[in-house]
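Chain naming here is simple, since letters A, B, ... match the order of the sequence lines and numbering starts at 1 in each. The shown structure was predicted, so the numbers you read here are calculated from the model rather than taken from an experiment.
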2 protein chains.
Amino acid sequence: MSQTVDRALRILPLLAEGPANLEQVAARLGVHKSTALRLLRTLHEHGMVYRQQDQRYRLGTRLFALAQQAAENLDVREIAHPHLAALNERCGHTVHLAVYEDGEVLYIDKVESRYPVRMYSRIGKPVAITVAAVAKLLLADLPEPERRAVAERLDYPAYTARSTPNAAAYLDELATVREQGWATDFGGHEESINCIGAPVRGTDGRAVAACSVSAPNVVVGTAELLELLPLLRRTADAISAEYSGTTPPPLQKAKP
Amino acid sequence: MSQTVDRALRILPLLAEGPANLEQVAARLGVHKSTALRLLRTLHEHGMVYRQQDQRYRLGTRLFALAQQAAENLDVREIAHPHLAALNERCGHTVHLAVYEDGEVLYIDKVESRYPVRMYSRIGKPVAITVAAVAKLLLADLPEPERRAVAERLDYPAYTARSTPNAAAYLDELATVREQGWATDFGGHEESINCIGAPVRGTDGRAVAACSVSAPNVVVGTAELLELLPLLRRTADAISAEYSGTTPPPLQKAKP
DNA sequence: GCTGTCGTTGCACTCTGTGCAACGACCGTT
DNA sequence: AACGGTCGTTGCACAGAGTGCAACGACAGC
């Protein structure tokens with residue numbers, strides 16, 4: 001749309017390949033040297049490109065700063081929600097999204113079951129950290145010292161006979177979860193409620209969130225619930241992809 | 001230099017703060033809505049901004065990709081990282097790597113403290129240039145006219161009672177740092193955080209980067225932190241050696 | 001159905017970006 | 001030293017590109 005800006009922006013991927021001097025930039029843009037110079041100067045003023053000692057240009061650190069800052073403001077929930085809604089659309093059960101923060105795991109989004117029998121939960125509420133599938137996924141991915149510290153600091157309430165009894169058992173469970181890349185909670189919190197979860201990962205591969213599908217026994221058994229695992233994992237992976245920016249996800253309307 | 005490109009680029013940091021709609025962007029740029037629209041469209045075509053469902057704009061994924069490539073071009077970072085990780089392994093504190101670029105000092109890598117109490121920082125974020133140990137090291141090594149120019153252009157915010165008060169004091173401090181070859185920041189930025197730093201030098205002896213160890217008072221005192229100085233300097237020197245090519249650098253792990 | 005908000009479009013004006021040519025700094029060669 | 005070559009930089013005149021304006025349209029909330 002805007003020729004000048006367009007040209008300026010085309011310089012960036014060009015420099016991403018490696019440093020280039022003025023003439024090379026001008027040639028590859030198909031413009032006069034003086035034009036390229038002015039564009040590069042403007043980019044330079046904004047820290048988008050940097051001029052090394054040999055006068056060649058390369059990408060600047062401001063790009064870095066911008067991306068980093070944007071990543072911090074990135075709302076997983078916003079990105080995840082449509083995916084979670086779609087998942088709920090297909091399976092009908094309650095879908096949760098949770099994050100880890102300062103030794104706690106919190107639900108930050110929820111799409112309600114479309115069955116009449118529902119489990120109780122509330123966005124913003126701390127999760128039963130010792131048993132919930134999402135909690136296991138998030139803790140499993142913590143750096144080992146912190147994971148151990150948290151596990152040992154926790155209480156292990158016996159919600160049911162299948163609740164995790166103590167730190168040792170929990171750490172074992174976390175190892176399993178880390179290995180298999182998904183988690184379950186079969187009646188560990190409420191006798192009659194089962195749950196499966198999968199992690200959402202950021203660019204660095206660390207779990208930034210986890211999502212889960214929960215359903216009461218009376219609606220589906222554990223075997224039937226596990227059949228949803230591939231779908232759940234695909235959903236989690238799609239969210240990860242969009243969150244890390246590997247997918248230019250937002251399917252924009254094409255011009256007619 | 002180029003008004004149009006300048007306006008377009010000013011949109012990016014604006015969006016980095018969080019999503020904004022067309023009117024907000026236009027208002028903050030001080031231009032008409034239609035102008036802002038065209039700029040945003042151009043940015044959009046290049047993937048620099050992204051339009052969410054509610055029509056608001058936020059930074060796009062292309063920016064992340066570019067930042068990634070920009071980071072890869074900073075080869076100090078790549079070389080330094082394993083050394084920094086090893087340093088963190090041995091002392092447990094937060095380790096930073098920073099570079100100087102166009103009057104700013106930026107963190108380009110970070111290895112998190114393994115203690116529960118951590119300092120806040122972010123890769124890509126400009127460093128508190130008047131007080132940070134890494135900033136002192138990098139400025140101390142600038143050619144004298146540029147050093148003076150930068151020092152006199154800076155603000156000297158009084159973060160704490162121990163912050164550098166003015167340009168004269170800063171230039172004195174830089175002289176000391178240049179002489180001793182290492183730097184400190186004892187509570188100059190945050191009252192309770194101390195920090196020691198050492199320079200990474202290129203073939204020409206100039207500081208191309210600086211690394212530092214930071215720790216809160218509550219974890220280690222200044223005396224104890226200074227005991228880490230030899231280890232820190234050895235780390236910095238090892239990075240320098242590998243970066244200048246004096247060490248047959250990437251000693252690959254032998255396959256078992 | 002009305003009113004207000006916000007994104008979008010077409011147009012006329014003019015300001016900004018452009019290419020050109022000449023200059024100058026730097027480097028290696030003879 | 002003088003020369004020729006390369007490459008970045010500058011001033012200028014022209015026109016093409018960007019701008020603001022006003023009107024339109026989509027949508028939401030009373």
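For the residue pair A:Gln24 / A:Tyr57, no side-chain donor-acceptor distance below 3.5 Å is found, with atom types taken as modelled.
Heavy atoms of B:Ser34 sit under 4.0 angstrom from at least one base atom. When heavy atoms are screened at a 4.0 angstrom cut-off, A:Arg41 is found touching the sugar-phosphate backbone but no base atom.
One finds a side-chain N or O of B:Ser2 lying less than 4.0 angstrom from the OP1 or OP2 phosphate oxygen of C:dG17. Contact annotation: A:Thr35 does not reach the phosphate of C:dG17 (side-chain N/O to OP1 or OP2, under 4.0 Å). For D:dT19, the OP1/OP2 oxygens have a side-chain nitrogen or oxygen of B:Arg7 closer than 4.0 Å. Of the side-chain N and O atoms in B:Gln3, one or more sit less than 4.0 angstrom from OP1 or OP2 of C:dT16.
Taking for each of B:Glu23 and B:Thr4 the nucleotide of DNA chain C with the nearest heavy atom, the 5'-most of the two is the partner of B:Glu23. Comparing B:Lys33 and B:Ala36 against DNA chain D, the residue whose closest nucleotide sits nearer the 5' end is B:Ala36. Projected onto DNA chain D by closest heavy-atom contact, A:Leu37 and B:Val31 fall at different nucleotides, the more 5' of which corresponds to A:Leu37.
Each of D:dG8, D:dC12, C:dG7 was ranked by its minimum atom distance to the side chain of A:Arg38; first place goes to D:dC12.
Looking at A:Arg201 and A:Asp141, a side-chain N of the basic residue comes within less than 4.0 Å of a carboxylate O on the acidic one, giving a salt bridge.
Put simply, CG on A:Leu40 is 13 Å from C1' on D:dT9, counting in whole angstrom units.
The shortest heavy-atom contact between B:Ala67 and A:Leu63 is CB-O, 3.7 Å.
Between A:Arg28 and A:Glu17 the shortest side-chain heavy-atom distance falls below 4.5 Å.
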